[in-house]
2 protein chains.
Amino acid sequence: MKSDPAQNEEIAGRLAALSHPARLAILNHLSRFEGCGCGDVVDSLPLAQSTVSQHLKVLLEAGLITHERRMPRSTYRLNREALRSVSRELNSMIDECCAANCCTSKHD
Amino acid sequence: MKSDPAQNEEIAGRLAALSHPARLAILNHLSRFEGCGCGDVVDSLPLAQSTVSQHLKVLLEAGLITHERRMPRSTYRLNREALRSVSRELNSMIDECCAANCCTSKHD
DNA sequence: TGATTTCATCGTAGATCGACGATATACGAT
DNA sequence: ATCGTATATCGTCGATCTACGATGAAATCA
């Protein structure tokens with residue numbers, strides 16, 4: 001129930017990976033076209049190939065997607081388990097915040 | 001069910017407010033000590049007063065906390081409704097991603 | 001072999017973030 | 001009126017983010 005700095009850091013990191021519209025759009029695209037390559041994603045967004053590749057890297061490093069580098073076409077897939085896990089973590093953190101019947105009101 | 005760019009932008013914005021360990025710690029603190037002022041938060045974190053004030057502003061602008069500017073001590077409170085709403089939004093977005101039985105696999 | 005396709009990475013420029021100290025503001029108390 | 005406390009805002013600096021074009025590597029195709 002304590003606010004663990006390390007845990008905050010971890011959750012914040014995962015949320016950071018999610019906090020960019022392009023990355024959300026990429027996740028959305030991957031959810032509809034399982035196993036598509038970088039180029040497919042590029043076609044679905046108004047961004048340069050290198051930019052999309054960067055965003056994919058961010059998502060990959062956050063563990064939210066997986067990567068199969070089978071040239072020439074590499075495939076990206078959602079890591080649904082990880083996504084659900086982030087969602088659950090945020091949920092429980094917020095639940096704790098909301099449930100906490102603030103034992104002590106410091107001033108009032 | 002479409003990936004709406006505007007909606008992505010909005011969710012991403014809220015998540016961005018949450019994606020910093022100090023801000024999570026602040027929310028946590030506020031959940032335990034309802035209605036405390038900036039100084040109280042400062043005492044609970046290894047950050048300068050101006051920095052904490054900044055973070056509070058970010059949370060405020062994201063609508064995740066409320067502010068009652070009753071000088072000399074202003075009070076910040078969690079906006080539990082907004083927090084739950086963010087959590088729910090992320091949840092449903094991820095649910096959609098996970099549920100989507102990717103109709104078409106572009107290549108395989 | 002050489003050309004093409006697909007993708008990752010590098011280098012870079014501009015924008016934004018995160019932190020701080022210093023300063024300004026608002027108010028209560030003396 | 002002045003002082004002290006609590007807080008917000010400003011200015012700044014370094015670090016990180018976001019975007020791009022250019023380049024490099026890997027595999028397939030001609």
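So you know, we letter chains A, B, ... as the sequences are listed, proteins then strands, and number each from 1. All values derive from a computational prediction rather than experimental measurement.
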Separation of D/dA19 atom P from A/K57 atom NZ, nearest Å, is 16 Å

Whole-Å distance, A/E68 CD to C/dA8 P, equals 13 Å

- Any side-chain heavy atom of B/H67 within less than 4.5 Å of one from B/S74? yes

Side chain to side chain donor-acceptor pair (under 3.5 Å) between A/T66 and A/N79: does it pass, once the steps are laid out? CA-CA 6 Å; A/T66 65; A/N79 182 347; over 6 Å; no

* Please state whether the phosphate of D/dA8, meaning OP1 or OP2, lies under 4.0 angstrom from any side-chain nitrogen or oxygen of B/Y76. => yes

task = Could you tell me whether A/R69 contacts a base, only the sugar-phosphate backbone, or nothing, with contacts defined as non-hydrogen atoms closer than 4.0 Å?
result = sugar-phosphate

Worksheet item: Side-chain N or O of A/H67 less than 4.0 angstrom from OP1 or OP2 on C/dC7?
Response: no

message: Measuring only between side-chain heavy atoms, which start at C-beta, is B/V58 closer than 4.5 Å to B/R23?
response: yes

- Report yes if at least one side-chain N or O of B/H55 is closer than 4.0 Å to OP1 or OP2 of C/dC17; otherwise report no. no

From CG of B/N8 across to C1' of D/dT18 the rounded distance in Å is 17 Å

In whole angstroms, the gap separating C1' of C/dA19 from CG of B/L45 amounts to 13 Å

task: Check whether any side-chain N or O of A/T51 sits under 4.0 Å from OP1 or OP2 of D/dC20, and answer yes or no.
output: yes

Check: Contact class for B/L56 vs. all strands (heavy atom < 4.0 Å): base, sugar-phosphate, or nothing?
Finding: nothing

| With distance as the sole test, does B/R14 use its side chain to make a donor-acceptor pair with the main-chain N or O of B/L90 at under 3.5 Å? | no

To the nearest angstrom, the CD1-C1' distance between A/I26 and D/dT18 comes to 12 Å

Taken in chain and number order and not counting sequence neighbours, the residues that satisfy salt bridge (Lys or Arg N to Asp or Glu O under 4.0 Å) with A/E9 are none

Whole-Å distance, B/Q49 CD to C/dG18 P, equals 17 Å

Per the under-4.0 Å heavy-atom filter, residues of residues 15-23 of chain B near DNA chain C come out as B/H20, B/R23

TODO: May I ask you to evaluate whether A/R73 reaches the phosphate of C/dC7, defined as a side-chain N or O under 4.0 Å from OP1 or OP2?
DONE: yes

Tell me whether A/D95 is salt-bridged to A/R88, with the criterion being a basic N under 4.0 Å from an acidic carboxylate O. no

| OP1 or OP2 of D/dA8 less than 4.0 angstrom from a side-chain nitrogen or oxygen of B/S53, does that happen here? | yes

Whole-Å distance, B/Q54 CD to D/dT9 P, equals 9 Å

In whole angstroms, the gap separating C1' of C/dA8 from CZ of A/R70 amounts to 17 Å

Partner of A/V42 under side-chain contact (heavy atoms from CB on, under 4.5 Å), picked from A/V52, A/L56, A/L47, is A/V52

- Query: How would you label the contact of A/S74 with the nucleic acid (heavy atoms, under 4.0 Å): base, sugar-phosphate, or nothing?
  - Reply: sugar-phosphate

